[in-house]
Number of protein chains: 2
Amino acid sequence: MADTSTEADPDEEIMRATYRALREHGYADLTIQRIADEYGKSTAAIHYHYDTKDDLLTAFLDFILDQFKDTIHEVETTDPEQRLELLLNKLLVDPTDHQDLLIAMLEMRSQVPYNDQFRERFRENDEYVQYLLRTVIDHGIKTGVFDDVDTDHVAQALMILVDGARTRAVVFDDEDSLETARRTAAEYVAATLVTDN
Amino acid sequence: MADTSTEADPDEEIMRATYRALREHGYADLTIQRIADEYGKSTAAIHYHYDTKDDLLTAFLDFILDQFKDTIHEVETTDPEQRLELLLNKLLVDPTDHQDLLIAMLEMRSQVPYNDQFRERFRENDEYVQYLLRTVIDHGIKTGVFDDVDTDHVAQALMILVDGARTRAVVFDDEDSLETARRTAAEYVAATLVTDN
DNA sequence: CGCTTTTGACTGATTAGTTAGTAAGTGCAC
DNA sequence: GTGCACTTACTAACTAATCAGTCAAAAGCG
């Protein structure tokens, strides 16, 4: 019965404004004023919803990490080989679709060494992704599709590949990095997980 | 004949002060005042040596990229397999030795999307490293030690691995990332470059 | 002395955050 | 259905601090 026609709730609008401001100016030059400009309201309006800049940015990090989790939600596939490929494809996502998310995550991540809350949230997120990888690999080993490898090592190796590719995709504005990483991951999986039987 | 006993030239001292200030506060909170504090002089003293903050930071980026190049200076080894391993070991350096350099490079790199000069310098640096990798691989192929693979692809794959590991080493303060990357690189090289003959 | 280097005091702009006040809407008594 | 209490969502104007950068004067030194 509520009016859902035009403007959504302010919190979400502010998160989207922060998104745009971050993309345009970068973390170092991200100010309440610039977020307010994107929001189309005053800086005081921002402070009405978020007491401090830190509160806003922490909420924003939760916002984008939730979005990230959404992009890698597991699909219904029982074949481990296919599931692993699908998961990697989602992690090494088409840049045109989620370029903003990639940039936002890189910017926020660069603050990790100086912000405990950021670090904890990124660590948690990382553990979640690594858990998904480990689960798929373990499943593959149990069903005999994959060799009996060091699951932790392979999962970590793939995480490194994913992080490297995503970083380079943003920093060098290089769309090929993600494609190269996809290919490399496939080669690595073929060489260490599926040594033909 | 110059006095090399205590204080070196001001430029170098300011670069080292910037190093410390960047490590302590991060790029977003890096101010002339904080660099001056580390320098032990006034902010005006900084401005005497560098007209603008941008001049200083561009000089600083050159400073750290030169340091990075120094850490990967090629060694005298003719065996391509050994040369590649040595080069990768230098790129995936012991974090305790160069942790500061790793952090500084990550911080500066996060500014690349918003600073043309930074981008150009990082691009140049990246091309240099990739050139070193390609040279070693090509040499290996020509001498028959490596298979006739897609040199560009393999070099790029290794770059992604290196960037991912270095990033994760800083962000998650995880020393294992570099070791894992070393092992993964070795596995990848063994699987794609040296398919036993 | 003369040159380099540094300082202190400054400027104008910008920062995050506060304040008092306003306007629109909601729930409810009567 | 009108009046009243309260909430939500904001604005304009402000504060105190900090920012990069300037400049005249002074200190240090060969």
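Hydrogens, waters and symmetry mates are skipped; everything else that's a heavy atom, side chains included, is used. Bear in mind the structure is a predicted one, so any value in this text is a computation, not a measurement.
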Inset, instruction - Would you sort out whether F63(B) and T18(B) count as a side-chain contact (heavy atoms from CB on, under 4.5 Å), showing the intermediate values? - result: CA-CA 10 Å; F63(B) 178 75; T18(B) 306; over 6 Å; no

Inset, instruction - Assert yes or no for the condition that the ring centre distance of F172(B) to F122(A) is strictly below 6.0 Å. - result: no

Inset, instruction - Report whether V194(A) and L158(A) are members of the same hydrophobic cluster (ILVMFWY, side-chain heavy atoms less than 4.5 Å apart, transitive linking). - result: yes

Inset, instruction - Please state how far atom CG in D11(A) lies from atom P in dT8(D), giving the value in whole angstrom units. - result: 12 Å

Inset, instruction - Is it possible for you to say whether V170(B) and Y114(A) belong to one hydrophobic cluster, with membership spreading through side-chain heavy-atom contacts below 4.5 Å? - result: yes

Legend entry - Sidechain N-carboxylate O distance under 4.0 Å for E127(A), R123(A): yes

Legend entry - Any donor-acceptor pair under 3.5 Å from R168(A) side chain to D174(A) backbone: no

Legend entry - Distance flag, aromatic centroids of F60(B) and Y19(B), threshold under 6.0 Å: yes

Inset, instruction - To the nearest Å, give me how far apart CD (E13(A)) and P (dA9(D)) are. - result: 12 Å

Legend entry - Integer-rounded Å distance: dT18(D) P and I32(A) CD1: 17 Å

Legend entry - Electrostatic pair D116(B):R119(B) at N-O distance under 4.0 angstrom: yes

Inset, instruction - Tell me, please, the opening and closing nucleotides of DNA chain C, 5' to 3', among those with an atom under 4.0 angstrom from a non-hydrogen atom of chain B. - result: dT4(C) to dG8(C)

Legend entry - Of residues 42-58 of chain A, the positions that come close to DNA chain D - non-hydrogen atoms, cut-off under 4.0 Å: S42(A), A44(A), A45(A), Y48(A), H49(A)

